[in-house]
Number of protein chains: 4
Amino acid sequence: MAMTQRRLAGRRPERRSQEKYEAILDAATAMVSARGYRAATVEAVAARAGVGKQTIYRWWPNKAALYVEVYAALVPAARLQVEAGDLTAELRHCLRQLFQIYREGPAASILVGLIADAQDEPAAAEAIRQGLIVGRRALLLEPMRQAIKRGQLPEDFDCERACDLIVALIWYRLLSGQRGPDDDFVETLIDMALRSSG
Amino acid sequence: MAMTQRRLAGRRPERRSQEKYEAILDAATAMVSARGYRAATVEAVAARAGVGKQTIYRWWPNKAALYVEVYAALVPAARLQVEAGDLTAELRHCLRQLFQIYREGPAASILVGLIADAQDEPAAAEAIRQGLIVGRRALLLEPMRQAIKRGQLPEDFDCERACDLIVALIWYRLLSGQRGPDDDFVETLIDMALRSSG
Amino acid sequence: MAMTQRRLAGRRPERRSQEKYEAILDAATAMVSARGYRAATVEAVAARAGVGKQTIYRWWPNKAALYVEVYAALVPAARLQVEAGDLTAELRHCLRQLFQIYREGPAASILVGLIADAQDEPAAAEAIRQGLIVGRRALLLEPMRQAIKRGQLPEDFDCERACDLIVALIWYRLLSGQRGPDDDFVETLIDMALRSSG
Amino acid sequence: MAMTQRRLAGRRPERRSQEKYEAILDAATAMVSARGYRAATVEAVAARAGVGKQTIYRWWPNKAALYVEVYAALVPAARLQVEAGDLTAELRHCLRQLFQIYREGPAASILVGLIADAQDEPAAAEAIRQGLIVGRRALLLEPMRQAIKRGQLPEDFDCERACDLIVALIWYRLLSGQRGPDDDFVETLIDMALRSSG
DNA sequence: TGGTAATCGAGACGGTACGTCCCGTCTTAAG
DNA sequence: CTTAAGACGGGACGTACCGTCTCGATTACCA
């Protein structure tokens, strides 16, 4: 999202065709839904979008960067946030919304594919770190910090640890191919997170 | 270790050359160490082992199955087990040994590569589930169950949940490319596992 | 020199910037000298001239047409003509001058590139025929015809045949990548041309 | 034909599939006939031959090398040679046969394409020099040398020059896109060659 | 002199081919 | 009959240019 890749430094994104841009993201989304992350090659996405391969490579350095953007579009932060004044309620909202999105569309497949890609493509790893981890963490961390301020959590509660726990368990559930993430899982996550320290 | 693949039923594994078999596992291990999991293609492993590609495909259905076996050899269950009569001591021993192995050699890279492969190759997924999850889980579960029997853990302690938590956090640490697994992490894991329910 | 392209009839060439026009020809010349005819793509010439690609395509239908013009500028007819009253002297002057030009700059590379391009681009073939053959032939034919009139050559001397012979041998020497055209070659050409019929 | 390219040094041509080899040469021939030399891309030839691209690149370093071999197959030296005891008869036979082949199939197109390719691909240039010039020259030179021995040509007749003249005029006729090579042209060539020195 | 139209640079665009890599299967010759 | 060596069809990679097109920003003509 941040367009920080060196090789795109000179590009002027305002010149990019909005139409093509959307066609590419749409095609990428559709391809994953239809045939899975691996089969959603740059070549296939380009063909489906009615676009030259170069047009994709012009704006994204690799498949991972493209799909970080697709993921971000599918999982808008706004949809996960809520101000409830109550930690459990806020986490419940965030996670239920997230899992709903995972169940509705290909976002989970994309996340899993990106994690896989990241293992041997440093560029992909960086794209993920920047696009998914850094930005998204606050969605969980912030409510916890607020809760401490409000006195709903002990002062020494380890927010980072709780946050890692939640993300780790979600990743594990997706990666190990167990049942999809459901609302029961939300309660388990919240329960475990709140117990994790303090 | 050998002969778990159903599809090789008709073959006569006794005819497999023990020498070549070891050469292949050694080459596979060396390749991952030297160039990483992705670059350790079947082609490259065969070349390094001085073996035809077909010889690998004859005995393993795919790269993942081969590396499940390499992983199992690198992380022998025996090295992780200990009978201490104390849950914390047993978990500490198991996890410290595991992390030591991860730090010494390519086992962690292999695990991560396998997880990645599993995402779009059902065969790889199955190989992992059979080879890594099913068998390995007992190493954590058993000590916990014993601890319940000994009264060191409450009756209603959720061993599965605690076990998932440990594995999930290990995977997350490896996959997210944070710092390697160290002895501090062992203590964190034990602490979190023991808090996770009850 | 300008405005021979029929297809530009509707344009008003007087609006073409003389400055840009020369910058393009200069860049085209420089590119061939520096990197050869093939590498002197329209894209590269435009970049070197500090000009948009479209500006080139606006005034020349294709690369060949552009280089016919560059060639014509590098090999001005005036430099090859002389009125000596003696066929051998006139041919010698013409050919020596031509070879000197070939040795000095990229004209030979351009000629060879154009011949190559002409083989599968009818447009290039036509550009060559119009720009190089039709106009240039007279430089050799005229002196021969004068020589016949002066009685220095037999009445039945086949000027066309002699002319073809000279051009063919020059092309062959350039195309076959043998030694460059030198003054010895001039004498060979004249000798062979004068023997070719009669 | 000589398989002297460095990068093929390690290959063992006896392992090449004769069937595929012929399919490739056939497809290459057919492609030139059907769509011309330029359009006969390696990709298109591979597709038409029902072969992977790699299979072509495995045995030929580039398109030019492939087509040198196609040309050699289309214009077998045996078909051009004859022992007549008479120079004119031998040259006439050679050239008439050659032109017949040019008129029948795509050999001329290939020659022209190769000459064009040679201008900016040193590899192609070398393939041509080795495959076409070095080997083929003897077909013209030998009869001339025999004629000198038999006293049918003066001792000081310059065979090289005569040979260059013939080849140059053939190339020129093909390259300049004039009328195809016919039997009249054979007589012109012989006449000019015999006059060219001595 | 201000409007308007063409030209300009820059470069995005769909497309085609490139030459390389590796997959998993098939073939060959040596042992 | 097994082996190593590696050829094979296939599919995707990421790059290079092609020739066309779309942008604003000049520029030059004409009203």
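Lettering of chains follows the sequences in order, A, B, ..., and the numbering in each one begins at 1.
- The nearest whole Å value for the distance from the OH atom in Tyr57(D) to the C1' atom in dC8(F) is 17 Å.
- Taking the charged nitrogens against the carboxylate oxygens, Glu121(A) and Lys63(A) have no contact shorter than 4.0 Å, which rules out a salt bridge.
- For Thr41(D), the listed nucleotide lying nearest its side chain is dA17(E); candidates were dC23(E), dA17(E), dC17(F).
- The CG atom of Asn62(A) sits 8 Å away from the P atom of dG14(F) (whole-angstrom rounding).
- Residue-to-nucleotide contacts include a donor-acceptor pair under 3.5 Å from the side chain of Lys53(A) to the base of dG14(F).
- Mapping Glu43(D) and Ala44(B) onto DNA chain E via the closest heavy atom, the residue that lands nearer the 5' end is Glu43(D).
- When the C1' atom of dA7(F) is taken as reference, atom CD1 of Ile24(D) falls 11 Å away, rounded to whole Å.
- Atom CD1 in Ile56(B) sits roughly 13 Å away from atom P in dT25(E) (whole-Å rounding).
- If you measure from atom CG of Asp117(D) to atom P of dA17(E), you get 15 Å, rounded to the nearest angstrom.
- As a whole-Å value, the separation of Asp120(D) CG from dA16(F) P is 17 Å.
- In this model, the phosphate group of dG11(E) is not approached by any side-chain N or O of Arg16(A) to a distance below 4.0 Å at OP1 or OP2.
- The main-chain N or O of Ile115(D) is found under 3.5 Å from a side-chain atom of Gln119(D) such that the two form a donor-acceptor pair.
- By the side chain to side chain donor-acceptor pair (under 3.5 Å) test, Gln130(C) pairs with Glu126(C), sequence neighbours left out.
- Taking the side chain of Val51(D) as heavy atoms from C-beta on, and the options dG9(F), dC18(E), dA7(F), the nearest nucleotide is dG9(F).
- Taking 3.5 Å as the limit, the base of dA5(F) and the side chain of Arg15(D) contain a donor-acceptor pair of atoms between them.
- Side-chain atoms of Tyr37(C) and Asp117(C) form a donor-acceptor pair, as typed in the model, at a separation below 3.5 Å.
- Residue Trp59(C) has a polar side-chain atom (N or O) positioned under 4.0 Å from OP1 or OP2 of dC8(E).
- One finds a side-chain N or O of Thr55(D) lying less than 4.0 angstrom from the OP1 or OP2 phosphate oxygen of dG9(F).
- Mapping Gly52(D) and Ala49(B) onto DNA chain F by nearest heavy atom places Ala49(B) closer to the 5' end of the strand.
- Among dT3(F), dG24(E), dA12(E), the nucleotide with an atom closest to any side-chain atom of Lys20(B) is dT3(F).
- Here the P atom of nucleotide dG9(F) and the CD atom of Glu19(D) are 10 Å apart, to the nearest Å.
- In this structure, Glu121(C) atom CD and dC17(F) atom P are separated by 16 Å, rounded to whole Å.
- With hydrogens and angles ignored, the 3.5 Å screen pairs no side-chain donor or acceptor of Tyr71(C) with any backbone N or O of Leu114(C).
- Where Ser17(D) and Ala40(C) meet DNA chain F, the nucleotide closest to each residue was compared, and Ser17(D) sits on the side nearer the 5' end.
- Put simply, the side chain of Gln54(C) and the base of dC8(E) share no donor and acceptor less than 3.5 Å apart.
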